[in-house]
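Indexing begins at 1, ligand by ligand and atom by atom, following the structure's order. Computed from a predicted structure; not experimentally measured.
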Amino acid sequence: MTLSASLDTAVLDQWPDSHGRYGPFGGLYVPETLMPAILELDTAYREARQDPAFQQRFLALCREFAGRPTPLYYAAKLSALVGGARVYLKREDLAHTGAHKINNALGQGLLAQRMGKRRIIAETGAGQHGVASAAVAAMLGMECVVYMGTEDMRRQALNVYRMRLLGAEVRGVESGSRTLKDAITEAMRDWVTTVQSSYYLLGSALGPHPYPLMVRDFQSIIGREAREQILAQEGRLPDALIACVGGGSNAVGLFYAFRHDPVRLIGVEAGGRGISSGEHAARFSDPQLGRIGVLHGTRTYVLQNMDGQIAATHSVSAGLDYAAVGPEHAYWMSIGRAEYTYATDTEALEAFQLTCRLEGIIPALESAHAIAGVLKLAPQMAPETVLIANLSGRGDKDIHTVAEALGQDPEKV
Ligand SMILES: *Cc1c(COP(=O)(O)O)cnc(C)c1O
């Protein structure tokens, strides 16, 4: 599929409407007990969004605390390998705490402070959002509690320790599959009983309105920088953008500034052990399990069985291991503005090793899915094609997972 010339991209800017809908997707499906908190948040965010002082403070901290702008790096050897397309990497791995998550954590942390909240609640999958939230809470002088599935705690022990060093309390979640979905459920449960004092800092472009909008706004700094950088470095717009899609925040963050440009937007989901195995997190690529439903307050594509029970997901990367996808992606997919593919665990592990050896960069396993997408798609593209892949984070946290998958022991010399 290529970008349709007939698509009027102006339609994209009509959403979300005041109910948080993106066409038939999105919205806010929460229990009555959460409505007052959500409405308070919506009002506070609408005010902050219009307030130049708030925006300036956010941008200043992006610069001085998070280390932005991150570079746009021309990956010469990767480009040669794929046969001519010019591949650039947006280096979110170089942002403070090692991933794009810090952009959103900073923005929402400032909003929490503006709302007079003293306590931050966050959920985390791979631990990157937990670490980013803990860092921001420490910097702003706020208390921080992070919910994390115990399966993810096992996979990402190093990040658990980092959160504790940063002064956060990490609460293990034993229910369900003990991964991100269960952590979000517990975080929302906490919020219901502590709304007066607490701010729920959600880590991806999902959940009830206004979260998908807020997270996209804060993350879209990635694409604004990348657009300026590619124009300066190449003298023209890229032909395509590629990013991995968990909840969808790094992807929408890169894509958003290019939405009206003739640029292909390509999301890569986690193909796990393959689509036919059912053990994956590819919401758009599995017509059996990936159907429209409601999860964690938003209407979107959700992996579910015939009875509407949320399906168990699998990915080698904890950050992509989630049954639903952000509603804006569902909308962009439905109208053909963005296209979605997947990479399996095996393909991601190969892309991981290749990026290490070829470019001298250890990518996060999530980001390795985007590189796997480049390896698959770039050879089909014309030699002068310009591609930007989002290197959403660094891979230090994944060393043990990779070693285990490769049958190696990193502690043995
Ligand atoms: C969390 C995470 C992701 C997935 O989340 P999105 O909201 O889809 O971006 C991807 N890459 C890294 C490095 C992450 O930490």
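- Of the charged side-chain nitrogens involved, at least one lies within less than 4.0 Å of a carboxylate oxygen, so that K117 and E40 count as a salt-bridged pair.
- Residue contacts with ligand 1: G246 is placed with a nitrogen or oxygen under 3.5 Å of a nitrogen or oxygen of the ligand (distance criterion only).
- Between the choices K397, H329, H369, K101, the shortest heavy-atom distance to atom 14 (C) of ligand 1 belongs to K101.
- Of all non-hydrogen atoms in P363 and T355, the two that sit nearest each other are CG-CB, 3.9 Å.
- Not a single heavy atom of R394 sits under 4.0 Å from any atom of ligand 1.
- For atom 4 (C) of ligand 1, the closest non-hydrogen atom of the protein is G319 O, 3.4 Å.
- Ion pairing between a basic and an acidic side chain is recognised when a charged N comes within 4.0 Å of a carboxylate O; R259 and D13 show such pairing.
- At a heavy-atom distance under 4.0 Å, only side-chain atoms of A364, from C-beta outward, approach ligand 1.
- Between atom CZ of residue R162 and atom CZ of residue R164 there is a gap of 14.5 Å, rounded to the nearest 0.5 Å.
- No N or O atom of S367 sits closer than 3.5 Å to an N or O atom of ligand 1.
- A salt bridge between D190 and R119 is present, with a side-chain N of the basic residue lying under 4.0 Å from a carboxylate O of the acidic one.
- In terms of N/O distances under 3.5 Å, ligand 1 is approached by N250.
- A donor-acceptor contact shorter than 3.5 Å is absent between the side chain of D398 and the backbone of T401.
- In E92, neither the side chain nor the backbone holds a heavy atom less than 4.0 Å from any atom of ligand 1.
- For atom 6 (P) of ligand 1, the nearest protein heavy atom (residue, atom name, distance) is S249 N, 3.3 Å.
- For atom 7 (O) of ligand 1, the nearest protein heavy atom (residue, atom name, distance) is S204 OG, 2.5 Å.
- Shown in contact with H100 at under 4.0 Å from a heavy atom are these atoms of ligand 1, numbered in order with element: 2 (C), 3 (C), 9 (O), 10 (C), 11 (N), 12 (C), 14 (C).
- Ionic pairing of D152 and R178 is not present here: no N-O contact between side-chain nitrogen and carboxylate oxygen is shorter than 4.0 angstrom.
- Ranked by closest heavy atom to atom 13 (C) of ligand 1, the top entry among C244, S392, G248 is S392.
- Which parts of ligand 1 touch Q128 is read off a 4.0 Å heavy-atom cut-off, strictly below it: atoms 15 (O).
- Residues H329 and Y340 place their aromatic rings such that the two centres sit under 6.0 Å apart.
- Contact atoms of ligand 1 toward G393: 13 (C) (distance under 4.0 Å to a heavy atom of the residue).
- A salt bridge between R68 and E92 is present, with a side-chain N of the basic residue lying under 4.0 Å from a carboxylate O of the acidic one.
- Regarding atom 10 (C) of ligand 1, its nearest protein heavy-atom neighbour is E366 CB, 3.4 Å.
- Salt-bridge check for E225 with R227: failed, with every basic side-chain N at 4.0 Å or more from each acidic carboxylate O.
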